[in-house]
Amino acid sequence: MAKSKVASERGIAKLAGDSFCPVYLRPATAYGVSPRLRFDVVLNNLVAWAITTKKIHMKSDGTPWRPIVHIEDISRAFIAAIEAPAEAVFNEAFNVGQTAHNYQIRDLAKIVADVVPGCEVDFADGAGPDTRSYRVSFEKIKTRLPNFKPQWDAKKGAEQLYKAYRASGITLEDFEGPRYQRIGHINKLLADGILETDLRHRTTGNRASAAAGTAPLLAGS
């Protein structure tokens, strides 16, 4: 994803001109309730573990850093960029988030533990430092797009997720299944013959043939 986004930005930048004003937004890791909810992003994931198992399951030692941003604040950033004067955003890239919202995973776990009653932090066997650790500066969007005014922080986000998960009655099966996990969902679409191996949708005819071809195997498995 990151490589394809960088390649896209570089390609689009070449098209910028008097009649085309591109702007590139680079959101931090998203969290929060949305119509297309994902459980495989860090804060959503930790709250889901806490709700469904009463444990906040840590797959690392908790030291890695993650910048996070609420989906509503990402939307606010898009609006601010659209409404900004062209000279402020022309062919510019902006990290979307707040510098103060670079959190260590263990700090997010503590926030979730304070929000969800009766849960405890649980470390996976052999949990060690995760190499995916990074902090990001968001000062550019703060100074160049003053109309971007984020409203959320991790505690408010955890509280929103807790209430939404309780109201919807999510189960461990929902949480661990493919519907709300990006990679799991893609793998299911591949297995069902809906996607080609290049991740493009099959045509209707090919999709029907793929489903017919896999049915006996599935029935016998």
Practice task
Begin from the C-alpha positions of R26 and K5 and carry the test side chain to side chain contact (heavy atoms under 4.5 Å, CB included) through to its verdict.
Solution key: CA-CA 9 Å; R26 302 170 177 173; K5 180 165 173 53; 3.9 Å; yes
Problem - Residue pair D40, R38: steps toward the salt bridge (charged side-chain N to carboxylate O under 4.0 Å, His left out) verdict - result: CA-CA 6 Å; D40 55 354; R38 282 175 53 184; 2.8 Å; yes
Practice task
Report the C-alpha distance between Y103 and I111 in whole Å, list the side-chain angles of each, state the deciding distance to 0.1 Å, and finish with yes or no for side chain to side chain contact (heavy atoms under 4.5 Å, CB included).
Solution key: CA-CA 11 Å; Y103 295 92; I111 289 169; 4.0 Å; yes
Problem - Step-by-step side chain to side chain contact (heavy atoms under 4.5 Å, CB included) determination, R76 to K149 - result: CA-CA 7 Å; R76 289 185 175 93; K149 300 188 182 301; 5.8 Å; no
Practice task
Would you sort out whether T63 and R106 count as a side chain to side chain contact (heavy atoms under 4.5 Å, CB included), showing the intermediate values?
Solution key: CA-CA 6 Å; T63 58; R106 63 190 178 194; 3.5 Å; yes
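In this structure, Y162 contributes its side chain and G157 its backbone to no donor-acceptor pair below 3.5 Å. Side chain of R66 to backbone of Q104: no donor-acceptor contact under 3.5 angstrom is found. Between the side chain of D122 and the backbone N or O of K55, no donor-acceptor pair lies under 3.5 Å. Without hydrogens or angle criteria, T143 side chain to K140 main chain gives a donor-acceptor distance under 3.5 Å.
Looking at T171 and T52, their side chains never come closer than 4.5 Å, going by heavy atoms from C-beta outward. Side-chain contact between L108 and I68 is present, with heavy atoms from C-beta onward closer than 4.5 Å. In this structure, the side chains of V136 and W65 stay at 4.5 Å or more apart for every pair of heavy atoms. Between H201 and E196, every side-chain heavy-atom pair lies at or beyond the 4.5 Å cut-off.
Scanning both residues, P117 and V115, for their nearest heavy atoms gives CD-O, 3.4 Å. The shortest heavy-atom contact between A30 and I74 is CB-CD1, 3.9 Å. Between G32 and L37, the shortest heavy-atom contact is O-CD1, 3.5 Å. The two residues M58 and L46 come nearest to each other via the heavy atoms SD-CD2, 4.3 Å. The two residues P150 and D73 make their nearest non-hydrogen contact at CA-OD1, 3.3 Å. For the pair A113 and I56, the tightest heavy-atom approach, listed with the atom from each and the gap, is N-CD1, 3.5 Å.
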Show the atom names and distances, to 0.1 Å, of all donor-acceptor pairs under 3.5 Å that link a side chain in residues 77-91 to residues at least two apart or in another chain.
residue : atom : partner : partner atom : Å
N91     : OD1  : Y24     : OH           : 2.6

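Put simply, Y134 and L25 are part of the same group of oily side chains (I, L, V, M, F, W, Y) that touch within less than 4.5 Å, one to the next. Each of I71 and V47 belongs to its own hydrophobic cluster when Ile, Leu, Val, Met, Phe, Trp and Tyr are linked at side-chain heavy-atom distances under 4.5 angstrom. Each of I170 and V41 belongs to its own hydrophobic cluster when Ile, Leu, Val, Met, Phe, Trp and Tyr are linked at side-chain heavy-atom distances under 4.5 angstrom.
Taking the charged nitrogens against the carboxylate oxygens, K163 and E159 have no contact shorter than 4.0 Å, which rules out a salt bridge. Under a 4.0 Å N-O distance rule, the pair E120/K54 does not qualify as a salt bridge.
The structure places CG of L43 at 5.5 Å from CG of L161, a figure rounded to the nearest 0.5 Å. Atoms OG1 and NE2, from T29 and H101 in turn, are 14.0 Å apart once rounded to the nearest 0.5 Å. L145 contributes atom CG, which lies 4.5 Å from atom CZ of F94 (distance to the nearest 0.5 angstrom). To the nearest 0.5 Å, the span separating CD1 on I141 from CZ on F148 amounts to 4.5 Å.
Remark: T99 pairs with N102, S137, F138, E139 by the side-chain contact (heavy atoms from CB on, under 4.5 Å) rule, at least two apart or across chains. Take Q160 and apply the side-chain contact (heavy atoms from CB on, under 4.5 Å) test, not counting sequence neighbours, and it matches V33, H70, E72, W152.
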